[in-house]
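Quick caveat, the model's predicted, so the values are computed rather than measured. The analysis underlying the following values was restricted to heavy atoms, covering all of them including side chains, and did not include hydrogens, waters or symmetry mates.
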Amino acid sequence: MRIRSARNSTKPFGTLDTPGQGETISGTYLNWGWAMTPKPGFIATDGLGVWVGVDGVNFAHPVYGLNRSDIAASFPGYINSTTGVGYYLLDTTRFANGLHNLGWLIYDNLNRGDGIGSRFIDIQNTATTGGDPEAALQAERACHLRAARQRRPVAAAAAYPAFRRGYDPEAGLTPIRQAGEGLFEAIELQELDRLEIHLPGGSQWTAAMRVGDELRPLPIGSTFDAEGGIFYWQLGPVFLGEYQLEFHAAEGGALCVLARVGAKAN
């Protein structure tokens with residue numbers, strides 16, 4: 001983020017210093033970043049207002065509250081000017097090899113939230129440093145997803161399926177209006193946006209993306225919580241166009257939701 005645009009921000013802002021966009025990483029990786037928020041707000045230095053997320057699921061807090069001379073000099077006068085830097089030791093062996101989306105989600109004491117540093121990473125572990133998750137790692141991932149469900153606010157009156165867009169920690173769910181048999185109105189998004197889709201309870205769901213006549217894996221940067229019936233997607237840069245998401249119930253029937261992604265507004 002350019003310093004000028006950051007200084008005009010009304011929400012938390014910052015970036016990740018490491019890894020770089022598209023960088024190949026493996027093993028345990030030191031993920032550095034920094035975050036500020038406009039006065040009179042501040043970001044707690046215990047790191048509890050900062051979440052590390054992979055593929056749209058926020059699962060850990062970094063060490064936060066460190067000083068770095070270049071950041072302090074670039075952003076004088078902020079409450080976090082000298083405490084705005086943090087790091088997280090990312091264990092990449094907890095994720096399958098391939099492309100993922102990594103980012104931090106920042107909340108300040110005024111309950112303002114925004115995502116920073118969204119970027120693709122290419123995890124490539126060998127047999128000695130890890131690999132695709134085994135049963136124990138899948139179970140650990142399931143625990144993260146259950147914890148994520150417990151943290152989210154839920155709008156009691158929302159019909160299902162429903163969605164939540166963006167980073168507002170208090171946002172409720174918006175029903176997705178039906179547009180035909182099994183079809184629903186498009187959800188409008190911007191690149192670097194974040195999306196959750198919540199499916200009706202009482203069913204076992206699977207998820208895929210339709211491209212023409214084929215069902216393919218879900219978009220890069222997304223996670224499907226089959227147990228909870230929740231789809232998460234942290235969009236990366238230059239993810240533009242239409243994405244046809246299909247959710248299939250074990251007892252039959254499908255829900256088809258179109259996500260339409262436009263360019264990020266200035």
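Counting heavy atoms from C-beta on, the side chains of V257 and F163 never come closer than 4.5 Å. Residues R164 and L173 meet the side-chain proximity criterion, which asks for heavy atoms closer than 4.5 Å. T18 has its side chain out of reach of L30: every pair of non-hydrogen atoms, C-beta onward, lies at least 4.5 Å apart.
Interatomic distance, OG1 of T223 versus CG of D55, reported as 4.0 Å (0.5 Å rounding). Once rounded to the nearest 0.5 Å, the distance linking CG of L183 with CD of E246 reads 9.0 Å. Distance CD/E227 to CH2/W205: 16.0 Å, rounded to 0.5 Å. Once rounded to the nearest 0.5 Å, the distance linking OG1 of T28 with CZ of R94 reads 10.0 Å. To the nearest 0.5 Å, atom SG of residue C256 and atom CZ of residue F247 are 9.5 Å apart.
With sequence neighbours left out, the side chain to side chain donor-acceptor pair (under 3.5 Å) criterion links E188 to R260. Taking the ring pair (Phe, Tyr, Trp, His ring centres under 6.0 Å) definition, one finds that W32 meets it with Y87, sequence neighbours left out. Every residue two or more places apart in sequence or in another chain was checked for a side chain to side chain donor-acceptor pair (under 3.5 Å) with D213, and none qualifies. Here R216 pairs with V211, E214 under the side chain to side chain contact (heavy atoms under 4.5 Å, CB included) rule; sequence neighbours left out.
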- Item | Criterion ring-ring contact (aromatic ring centres under 6.0 Å, His included) on H61 and W51, from CA distance to verdict | CA-CA 5 Å; H61 301 291; W51 286 96; 4.0 Å; yes
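A salt bridge (charged side-chain N to carboxylate O under 4.0 Å, His left out) check over residues 103-121, counting only residues at least two apart or in different chains, returns the pairs K11-D114, D108-R112. Among pairs with a residue in residues 65-82, those fulfilling salt bridge (charged side-chain N to carboxylate O under 4.0 Å, His left out) read D17-R68, R68-D70, at least two apart in sequence or across chains.
A donor-acceptor pair shorter than 3.5 Å cannot be found between the side chains of N80 and T37.
Pairing each heavy atom of P237 with each of L192, the nearest pair is N-CD2, 3.5 Å.
When each of W34, F13, F42 is tested with Y78 by the rule ring pair (Phe, Tyr, Trp, His ring centres under 6.0 Å), just one qualifies, namely F13.
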